[in-house]
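By convention in this document, chain letters (A, B, ...) are assigned in the order of the sequence lines, proteins followed by strands, and residues within each chain are numbered from 1.
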Protein chains: 2
Amino acid sequence: MSVPPKSQLSTATLTLKSPLYLTPPCRVLRLRLCRPSWLPCVCLCHPKLCVRPPLLYGQLSSPVACLCNGAVTLSPQPAPVCFCSECSWEKTETEEKKKREMLYIIGLGLGDERDITMRGLEAVKSCEKVYMEAYTSLLSFGLDSHGLSNLEKLYGKSITLADREMVEEKAHHILEEARHSHVAFLVVGDPFGATTHTDLVVRAKKMGIHVQIVHNASVLNAIGICGLQLYRYGQTVSIPFFTDSWRPDSFYEKIHSNRTMGLHTLCLLDIRVKEPTLESLARGRKTYEPPRYMTINTAIEQLLEVVQEHQQPAYTEDTQCVGFARLGSDDQTIVAGTMRQLQMVDFGAPLHCLVITGNTHPLEEEMLEFYRCRT
Amino acid sequence: MSVPPKSQLSTATLTLKSPLYLTPPCRVLRLRLCRPSWLPCVCLCHPKLCVRPPLLYGQLSSPVACLCNGAVTLSPQPAPVCFCSECSWEKTETEEKKKREMLYIIGLGLGDERDITMRGLEAVKSCEKVYMEAYTSLLSFGLDSHGLSNLEKLYGKSITLADREMVEEKAHHILEEARHSHVAFLVVGDPFGATTHTDLVVRAKKMGIHVQIVHNASVLNAIGICGLQLYRYGQTVSIPFFTDSWRPDSFYEKIHSNRTMGLHTLCLLDIRVKEPTLESLARGRKTYEPPRYMTINTAIEQLLEVVQEHQQPAYTEDTQCVGFARLGSDDQTIVAGTMRQLQMVDFGAPLHCLVITGNTHPLEEEMLEFYRCRT
């Protein structure tokens, strides 16, 4: 494709295709798309014009633009490159770089190995190294000794478990690998359920590594199955295990304000995996507590303990809740009932979570009816 | 497998496996598991004992239990059946029934045909009829003329588009088909993003049809990609198109209370597909308006219009927001900036959504930096 001389460019009409956007207050005088396709391929000649093709940008990759004339402010690093025919060497270099390096963060959904998306599976298969995050959540099939090997069989790859220490202290190693090869980092649910993964993306991005996200179902939307409408939820809370000396109850105020507004509250229950024992920390050589997962029963016990201290309680034993165990897997259990009722239900193996209902709509009630605890 | 005489059953030890639970205040005296596997297979002989095997229940299917002795309260209909060896004919009948009838509600995720999960794909391939819900949301590839045919190619099935009229007025037809065959109902994102699908499940369930849900990513969790943490969101709001005579602003109070608590607000923007024109309604013969999708620019315009009426505004032109276009697809666009800045950005093709930020954590800020609008 031939590129018109600069004089033509400077008077060309602006035709913005959807994958491009301009950040204000730029006055676009001389912008031209080199190609009609979605490929981020722009030629911009206006001083101080800022163009960030969102295809790559949306994937947290490098901004791409051409500095045919004048200064262009672009961020983040690395420096902008151009795909236009005048600068074709740059294109080759960048595409080669992408071929070499990529960090995929891939959501696995909630059930078993069949819950990966086809997009995710394609990505895993293209990777030289596959890590699986193994501490902010837990696959239902992760409890099963065949869980990991089922994944490995499906992917045709061996999987390295990334425990808390590895992710928090040795992430640099994973990122260095991603500089030279395709690396997959598998996450239960959706990649952005936990802060840690955001941190990994930020670090990768700062190192100039291409990152691609593959979304999947997370507990935050799968709870919709009980019929309580997702847009009628307030802030999500986490319920940590109480100890004799540590009884943090900041969740109470959040539940209180959700209920004041008639909103449902999702309570995520504590998971303690690979926690060093206090004793071993004192001795300086780490040994670990056995993994613990909070049950709905314990959560309700703690919730009811906390509420006793309050004059106008946000909830009582008679408040309607919904308990979920192993959500999204074949043997998921969902029971709706009062806190008192749910406290007596054996929900079985982890993971558990709990929803405290706010005001309910008749359709919500109709759906809950199917899950109702009967006495 | 032989069943012990009743006298033995009445003194058997209770061993509850995870897929079973008992609802209080039952005192389980004579419960016995016939099988060690997850198959819901129980024999219960205690009057007024209520047992609901959650495997099937979790899938919104029929409760299964055996009334060897005494009354058992079970709901919903149809009446309980038993899988134990004494009542083996029941097992055959129920399993045959499941082979014949099934309504799958399958989330497709947000991008293109590759975002279906393997579980979802397996389910679609087993179906005789495949519907695709085409009015509460819109696949990015639904705008592309090849979108539907790509899905059909992948599934090896033809797909019937289920528009608003079909789902609201002719759902019974879909449900009748599911009585005799496997039917898939495809939904963009996750099945429970929209109330309509809950309604379909409730109706199916009341007709005694087996329902299975296949979860996937939804906009409610995919927005996590911008770095704002999902548990720091308040209630989600919808922004409807204003008309000259209809300017509903109930979203304002919700944004206000979210921001008072420092929480982020996800604003879902109006989609109007297959809306009959007022004129045609008056004439009694429906013709339809062209489809409309609210842009971020229009949403911000309406948000700023509404805020003018308030003394202590919940937000201003300088409030930080994040705009998302075509979230989850290859050419998604994400831009962070003030309302004033975003209002000048051309986000391109639909669907758009908007997040109004609350208080932000330093890690959230770091991630937003990659998407920041620069001037």
- Message: Would you compute the distance between atom CG of B:D190 and atom CD1 of B:I106 and round it to the nearest 0.5 angstrom?
- Response: 12.0 Å
- Message: Could you measure the distance from the CD atom of A:Q332 to the CZ atom of A:F324? Nearest 0.5 Å is fine.
- Response: 8.5 Å
Does any backbone or side-chain atom of [X] lie under 4.5 Å from a heavy atom of chain B? Answer side chain, backbone, both or neither.
| X | value |
| --- | --- |
| A:L154 | side chain |
| A:K206 | both |
| A:L220 | side chain |
| A:Q235 | both |
| A:Q343 | neither |
| A:L121 | side chain |

Backbone of [Y] reached by a side-chain donor or acceptor of [X] within 3.5 Å:
| X | Y | answer |
| --- | --- | --- |
| B:Q229 | B:E364 | no |
| B:R232 | B:N359 | yes |
| B:D112 | B:S329 | no |

- chain B interface, residue from A:I116, A:D199, A:V214 that has the most non-hydrogen pairs under 4.5 Å: A:I116
Quick one: which of [options] has the most heavy-atom pairs under 4.5 Å with chain A, could you say?
| options | answer |
| --- | --- |
| B:I223, B:N216, B:L230, B:T236 | B:N216 |
| B:G234, B:S218, B:G227 | B:S218 |
| B:D115, B:L266, B:I105, B:T198 | B:D115 |

- Item | Interface moiety of B:L263 toward chain A, non-hydrogen atoms closer than 4.5 Å |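 Only the side chain of B:L263 comes within 4.5 Å of chain A.
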- Side chain / backbone / both / neither for B:E122 at chain A, heavy atoms under 4.5 Å: side chain
- Look at the aromatic rings of A:Y233 and A:H264 and report parallel, tilted or perpendicular, splitting at 30° and 60°. perpendicular
- Thinking salt bridges, do B:R372 and B:E365 make one under a 4.0 Å N-O criterion? yes
- With no hydrogens and no angle check, do the side chains of A:R326 and A:T333 hold a donor and an acceptor under 3.5 Å apart? yes
